[in-house]
Amino acid sequence: MFSENKPTQGSLLLSEPFMLDPNFERSVVMICEHNGDGTIALVLNHRSHLQLSDVVEEIQNENFFLYIGGPVESNALFFLHRAYDKLLSGTSICEDVYWGGDFEKLVLLINEGIIVPDEVKFFLGYSGWAPEQLNQEIEQNSWAVHRSFDPTLTFLTDGEDLWKQAIISLGPKYAHVANFPKSPDLN
């Protein structure tokens with residue numbers, strides 16, 4: 001089995017190296033909510049070509065990239081941050097990582113340069129699983145569940161590097177997986 005851990009809020013899901021679903025190829029996914037109603041999560045490493053200023057006209061700073069959080073509600077905007085001391089809002093999902101918060105205040109803090117790009121990540125859409133669906137995918141070895149990671153991983157911007165670092169941080173049993181080619185038939 002690729003993963004023996006059970007998913008919980010604040011866990012990372014790391015896709016197996018040869019996942020065919022383009023929504024989750026080499027993905028690192030942060031679980032924001034996991035309960036009897038299902039799972040809501042955000043893909044941390046699929047950066048789009050858009051910036052926050054492209055979709056929120058009040059934003060004056062062009063250094064905040066948008067990520068594709070998943071295939072559900074792809075026109076909705078979500079965010080994770082590690083700036084609770086400045087924003088004073090958001091739901092804690094793991095150590096030093098918060099989901100959502102006061103968006104109007106966030107816009108002001110960004111425009112004033114008080115919150116910088118490595119403190120917040122923005123997402124279009126989210127990923128969702130029905131009750132037990134994620135557990136079935138984990139049992140089928142589609143995902144490894146990572147529960148004891150350095151929270152700074154959440155805010156890395158290089159997609160492939162984030163996936164590799166997250167896999168390596170699972171420990172020696174998994175580290176070799178980080179070097180698997182994307183397409184084994186090209187090896």
Side-chain angles (χ1 to χ4, degrees), residues 7-15 23-35 37-129 145-169:
T8 60
Q9 177 178 301
S11 297
L12 293 179
L13 299 174
L14 311 176
S15 67
N23 293 307
F24 298 111
E25 179 184 1
R26 301 258 168 150
S27 290
V28 178
V29 182
M30 171 67 74
I31 297 177
C32 300
E33 214 174 271
H34 181 73
N35 55 41
D37 295 329
T39 304
I40 296 174
L42 296 166
V43 178
L44 298 177
N45 62 329
H46 289 182
R47 192 164 90 179
S48 77
H49 297 290
L50 296 172
Q51 295 178 344
L52 183 61
S53 58
D54 293 329
V55 298
V56 179
E57 60 186 50
E58 298 86 17
I59 293 292
Q60 299 159 5
N61 187 321
E62 295 186 0
N63 295 319
F64 291 84
F65 290 99
L66 290 176
Y67 292 78
I68 305 303
V72 182
E73 290 189 35
S74 59
N75 60 346
L77 185 66
F78 302 90
F79 66 97
L80 295 175
H81 66 91
R82 59 177 172 180
Y84 191 86
D85 58 326
K86 299 172 187 176
L87 194 56
L88 302 175
S89 63
T91 301
S92 175
I93 55 174
C94 66
E95 178 189 345
D96 202 30
V97 178
Y98 299 86
W99 180 28
D102 184 340
F103 188 73
E104 290 178 18
K105 184 174 183 178
L106 179 60
V107 169
L108 290 172
L109 294 173
I110 287 172
N111 287 338
E112 292 173 7
I114 295 170
I115 290 186
V116 296
D118 72 346
E119 294 178 299
V120 63
K121 237 178 189 177
F122 294 93
F123 305 88
L124 290 173
Y126 69 91
S127 302
W129 288 266
V145 179
H146 197 349
R147 295 195 312 215
S148 58
F149 56 93
D150 181 343
T152 60
L153 274 176
T154 307
F155 299 95
L156 290 178
T157 58
D158 182 320
E160 182 75 13
D161 188 49
L162 174 54
W163 181 80
K164 286 181 177 182
Q165 286 192 40
I167 291 283
I168 290 168
S169 72

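As the structure is a prediction and not an experimental result, all values here were calculated from the model.
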* Side chain N23, main chain G70, donor-acceptor under 3.5 Å -> no

* To do: Check whether any side-chain N or O of N111 sits under 3.5 Å from a backbone N or O of L108 as a donor-acceptor pair, and report yes or no.
  => no

* To do: Taking side-chain hydrogen bond (donor to acceptor under 3.5 Å, both in side chains) as the test, write out the residues that go with H81, two or more places apart.
  => none

* **Shortest non-hydrogen contact from N61 toward I59** => O-CG2, 3.2 Å

* Asked: With distance as the sole criterion, is a donor-acceptor pair present between the side chains of H34 and T39 under 3.5 Å?
  -> yes

* Asked: Does the side chain of H46 reach to within under 4.5 Å of the side chain of S27, using non-hydrogen atoms?
  -> yes

* **Heavy-atom side-chain contact between F65 and T157 under 4.5 Å** => no

* Asked: Considering all heavy atoms of both residues, which atom of I31 and which atom of P7 are nearest to each other, and what is their separation?
  -> CD1-CB, 3.6 Å

* To do: Quick one: sort the F103 and F79 rings into parallel, tilted or perpendicular, breaks at 30° and 60°.
  => tilted

List the atom pairs, donor and acceptor, that lie under 3.5 Å between side-chain atoms in residues 86-93 and the rest of the protein, sequence neighbours left out.
unit_1	atom_1	unit_2	atom_2	d
K86	NZ	I114	O	2.9
K86	NZ	E119	OE1	3.2
K86	NZ	E119	OE2	2.8
S89	OG	D102	N	2.7

* Structure fact -> Scanning both residues in full, the closest heavy-atom pair of S127 with G69 reads OG-O, 2.9 Å

* Locate the shortest heavy-atom distance separating D161 from D158; write the atom from each residue and the value. => N-OD1, 3.0 Å

* To do: Run the numbers on L77 and L124 for side chain to side chain contact (heavy atoms under 4.5 Å, CB included), then give the verdict.
  => CA-CA 5 Å; L77 185 66; L124 290 173; 4.2 Å; yes

* Using the test ring-ring contact (aromatic ring centres under 6.0 Å, His included), find all partners of F149 that sit at least two apart in sequence or belong to another chain. => H146

* Asked: Do other residues, nucleotides or ligands put more than 12 heavy atoms under 6.0 Å from E95 CD?
  -> no

* Of all heavy-atom pairs between W163 and N45, which one has the smallest distance, and what is that distance? -> CB-ND2, 3.9 Å

* **Straight-line distance of E58 CD to L106 CG, nearest 0.5 Å** => 11.5 Å

* **Distance in Å, F155 CZ paired with L153 CG, rounded so as to fall on 0.5 Å steps** => 10.5 Å

* Asked: Is there side-chain contact between V43 and Y67, with at least one heavy-atom pair below 4.5 Å?
  -> no

* Asked: Has the side chain of R82 got a donor or acceptor atom that lies under 3.5 Å from a matching backbone atom of D118?
  -> yes

* Parallel, tilted or perpendicular, as decided by the 30° and 60° cut-offs, for the rings of F64 and F122 -> perpendicular

* Flag, side chain of S48 to backbone of L66, donor-acceptor distance under 3.5 Å -> yes

* **Spatial distance of atom OG (S74) from atom CD1 (I68) [nearest 0.5 Å]** => 7.5 Å

* To do: Calculate, to the nearest 0.5 Å, the distance between atoms CH2 and CD belonging to W99 and E33 respectively.
  => 4.5 Å

* Kindly indicate whether the side chain of L13, heavy atoms from C-beta on, has any atom under 4.5 Å from the side chain of V28. => no

* Structure fact -> To the nearest 0.5 Å, atom CD of Q60 lies from atom OG of S53 at 10.0 Å

* Asked: Considering only heavy atoms from C-beta outward, does the side chain of T154 approach that of L80 to under 4.5 Å?
  -> yes

* Specify the closest pair of heavy atoms between L156 and Q165, including all atoms of both residues, with the distance to one decimal. => CD1-OE1, 3.7 Å

* Report the distance from atom CD1 of I115 to atom CG of L109, rounding to the nearest 0.5 Å. => 4.5 Å

